[in-house]
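Notes follow the structure.
Atom set for the values below is all heavy atoms of this structure, side chains included, hydrogens, waters and symmetry mates excluded. In this text, all values refer to a predicted model and were calculated from it rather than measured experimentally.
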There are 2 protein chains.
Amino acid sequence: MRPQKVLEDDILVGLTQVFRARGYEGASLKELADATGLKKASLYHRFPSGKQEMAEAVLGHVSTWADQKVFKPLLNSESFPPEVRLKEALTQIKTLYNDGKNTCILRALSMEDSLYLFESHIQTGMNKWINAFTQIAEELNFSKSDAKAEAVNTLINIQGSLVVSKGLNDYSIFLNTIKNIEDKYLNP
Amino acid sequence: MRPQKVLEDDILVGLTQVFRARGYEGASLKELADATGLKKASLYHRFPSGKQEMAEAVLGHVSTWADQKVFKPLLNSESFPPEVRLKEALTQIKTLYNDGKNTCILRALSMEDSLYLFESHIQTGMNKWINAFTQIAEELNFSKSDAKAEAVNTLINIQGSLVVSKGLNDYSIFLNTIKNIEDKYLNP
DNA sequence: GTCTATAGCTAGATAGAC
DNA sequence: GTCTATCTAGCTATAGAC
């Protein structure tokens, strides 16, 4: 067999950048190919079902990253105290979104033109965020219903601050929101 | 002169629906034409510079609506007490976003593929939200810096709850967020 | 002012050489 | 496994009849 010119992981990184920046319909196969260093036909060899399969692979890749880096710390109550795990998760979230400069892939793929294609990925992804923050909130002594409400609020604040930061081209808004989230959990 | 088949305002309503749902690149001229009841060539007669002019007209139209219905109540301190004006504005915001089911046009047109085309509209639009809520917060006895921070937070919560509501297909999240905003201003 | 018809181009996707 | 070349369908935009 002929060797792969580009590793699977590097392909996914390139695809992610394009889908995040341009959304599903906005991402053209030429851009996707250029971003990976492969030609269009070679991308089809890797993803025989085409663009939708590429976007699904991206969602899976980012989901795995978030599982490891964000949700695992939040959920693993036997590792460190909740305060430490919350701070670690928030640090990783800043990395994930490049301090607010990256669009969220769930949001980029949930425009109405492509929402129905990825509906279940998006719902599953958002529910993971809510469940993980609910757990840490409970460990930090929020009541069960307060914990859930606070977790939903956290997701809303992250998504909203990404939108507003980009719109105003002021990424201190995102960073400030992350700090506010920390305060809310640690000094309720 | 031959009479207009469709009124300017009705055209803008149709264009708005399509741009909101599909973003700038996702909106095709065929869809835009179908949504207005005109043919493509007739749309070009109304908007000689094409799709970008259509999107700018939409931004202007929505901006005028928000000026009248949302910002005017918030800013007109001589009309009613601030509590009443805040409630009126929040009611109009629910109408604007169809109880959370409509995407925000500023967000739909601020994907990176089209962000640079509408940058100043988007910044101006978001700043109007922040200024109007800052004013009402000050009237409700927030300190100057608290008022500004709370206004930014309000915008973040509206945008974020629209994203999360659509992603989870649960529009009670948006309505609940609007209620929380009211509480935050009225019972700080 | 609205329409049909079409230009010119780029999209997503495929065939087949190497 | 990667490539060049190409297909068809859709895109934005325009020309010109009525």
Gap separating the CG atom of B:Leu38 from the CG atom of B:Asp10, nearest 0.5 angstrom: 10.0 Å
First encountered from the 5' end of DNA chain D, between A:Val6 and B:Leu32: A:Val6
Touch class at under 4.0 angstrom, heavy-atom based, for B:Ala27 against every strand present: sugar-phosphate
side-chain N/O B:Ser42 vs C:dC3 OP1/OP2, d < 4.0 Å: yes
Protein-nucleotide distance (A:Leu15, atom CG; C:dG12, atom C1'), rounded to Å: 15 Å
Distance in Å, B:Leu106 CG paired with B:Leu155 CG, rounded so as to fall on 0.5 Å steps: 8.5 Å
Atom-pair distance (CG on B:Leu7; P on C:dT2), nearest Å: 10 Å
Distance, rounded to the nearest Å, where B:Arg46 contributes CZ and C:dG1 contributes P: 7 Å
A:Lys72 atom NZ, over 12 foreign heavy atoms within 6.0 Å: no
Of A:Ser28 and A:Ala41, the one whose closest DNA chain C nucleotide lies more 5': A:Ser28
Nearest-angstrom distance from the residue atom CD of A:Glu25 to P of C:dA13: 11 Å
Distance, rounded to the nearest Å, where A:Glu31 contributes CD and C:dT10 contributes P: 13 Å
Closest nucleotide among D:dA13, D:dG1, D:dC3 to the B:Lys40 side chain: D:dA13
Exercise: do A:Thr154 and A:Tyr185 side chains pair donor with acceptor under 3.5 Å: yes
Protein-nucleotide distance (A:Asp113, atom CG; C:dG12, atom P), rounded to Å: 13 Å
Interatomic distance where CE belongs to B:Met54 and P belongs to D:dA13 [whole Å]: 7 Å
Below 4.0 Å: OP1/OP2 of C:dG1 and any side-chain N or O of B:His45: yes
Closest nucleotide among D:dC3, C:dG12, D:dG1 to the A:Lys51 side chain: C:dG12
Interatomic distance, A:Asp34 CG vs D:dC3 P [rounded to whole Å]: 11 Å
Distance test, side-chain N/O of B:Tyr44 to OP1/OP2 of D:dA13, below 4.0 Å: yes
Spacing of OH belonging to B:Tyr97 relative to CD1 belonging to B:Ile178, to within rounding of 0.5 Å: 8.5 Å
Side chain of B:Lys39 - closest among C:dG1, C:dC3, D:dG1: C:dC3
